[in-house]
Amino acid sequence: QVQLVETGGGLVQAGDSLRLSCAASGRTLTNYIMGWFRQAPGKEREFVATITRSGGSTYYPDSVKGRFTVSRDNAKNTVSLQMNSLKFEDTAVYYCAASSGGWIKVRASDYNYWGQGTQVTVSS
């Protein structure tokens, strides 16, 4: 069992940056592909970023590519999401997730464990 806790959300202005962190307990994160998702009110949960176990590969959807960067520190059992040039449409609850699957995972259903989420609000 993996417990995930996200921190770092808040209220920022368009163009600002924010860094989210996800701390894990229970098991070492080296066993898991890690991902970030977000969900805005009335919308489905959306894939934001994923990173392989070693951190050697990452993948992003076009909506955040070039603005968001996912990283991990396996020694500290943490994963981070650096978000730059934030836009109003980035406003959502952001979730950290862990997958025991084999490679890049972009579907929420591929993830086994989820954090409780952290709110990011971008004012225009």
Joint cluster assignment, Y113 & V79, ILVMFWY side-chain distance < 4.5 Å:
yes
Side-chain contact, heavy-atom cut-off 4.5 Å: V120 with T91?
no
Check: G9 main-chain N/O paired with R19 side-chain donor or acceptor under 3.5 Å
no
Show your reasoning for whether side-chain contact (heavy atoms from CB on, under 4.5 Å) applies to Q82 and S71.
CA-CA 8 Å; Q82 177 67 41; S71 60; over 6 Å; no
Spell out, as yes or no, whether a donor-acceptor pair under 3.5 Å connects the side chain of N77 to the backbone of R27.
yes
State the CG-CG distance between L18 and D16, to the nearest 0.5 angstrom.
8.5 Å
Can T7 and T118 be said to form a side-chain contact (heavy atoms from CB on, under 4.5 Å), step by step?
CA-CA 6 Å; T7 56; T118 185; 5.9 Å; no
So, N112 and S100: side-chain donor and acceptor under 3.5 Å apart, yes or no?
yes
Do you see a donor-acceptor pair shorter than 3.5 Å between the side chains of T121 and Q119?
yes
Within a radius of less than 6.0 Å around NZ of K76, do more than 12 heavy atoms belonging to other residues, nucleotides or ligands occur?
no
Take atom OH in Y59; do more than 12 heavy atoms of anything else shown fall under 6.0 Å from it?
no
Given the rule that I, L, V, M, F, W and Y join up when any side-chain heavy atoms are under 4.5 Å apart, are W114 and I104 in one cluster?
yes
Verify same cluster id: V106, W103 (apolar side-chain graph, 4.5 Å)
yes
S57 backbone acceptor or donor facing T52 side chain under 3.5 Å
yes
Side-chain donor or acceptor of T50 paired with backbone N/O of M34 under 3.5 Å
yes
Looking only at side-chain N and O atoms, does T78 offer a donor or acceptor that is under 3.5 Å from a partner on D73?
no
Is R107 salt-bridged to D110, cutoff N-O under 4.0 Å?
yes
Starting from the C-alpha separation in whole Å, work towards a yes-or-no answer on side-chain contact (heavy atoms from CB on, under 4.5 Å) for R67 and D90.
CA-CA 11 Å; R67 300 189 299 122; D90 293 320; 2.7 Å; yes
Separation between CG (L29) and SG (C22), nearest 0.5 Å, reads 7.0 Å
Euclidean distance, Y94 OH relative to F68 CZ, rounded to 0.5 Å:
4.0 Å
Test item: I51 and I33 side chains (from C-beta on) under 4.5 Å apart, heavy atoms:
no
Donor-acceptor contact below 3.5 Å, side chain Y95 vs main chain R45
no
Over-ring placement of R53 relative to Y32, 6.0 Å and 45° cut-offs:
no
Any donor-acceptor pair under 3.5 Å from E6 side chain to C96 backbone
yes
Can you tell if the side chain of Y60 reaches within under 4.5 Å of the side chain of F47, non-hydrogen atoms only?
no
Minimum-distance pair of heavy atoms, taken over all atoms of S80 and S21
OG-OG, 3.8 Å
Heavy atoms, side chains only, cut-off 4.5 Å: are V5 and Q116 in contact?
yes
Evaluate V64 against R38 for side-chain contact (heavy atoms from CB on, under 4.5 Å), listing each step before the verdict.
CA-CA 12 Å; V64 306; R38 66 186 181 188; 4.0 Å; yes
Measuring from atom CG of L81 to atom CZ of R72, what distance do you get when rounded to the nearest 0.5 angstrom?
13.5 Å
V122 reachable from M83 in the ILVMFWY side-chain graph, under 4.5 Å edges:
yes
Kindly compute the distance separating OG (S63) from CD (E89), expressed to the nearest 0.5 Å.
9.5 Å
If you look at every heavy atom in A14 and S124, which pair is closest and at what distance?
CB-CA, 4.3 Å
Whether the side chain of S123 engages the backbone of V12 through a donor-acceptor N/O pair (distance < 3.5 Å, no angle test) should be reported.
yes
Over all atoms of both residues, closest heavy-atom pair of L4 and A24:
CD2-CB, 3.7 Å
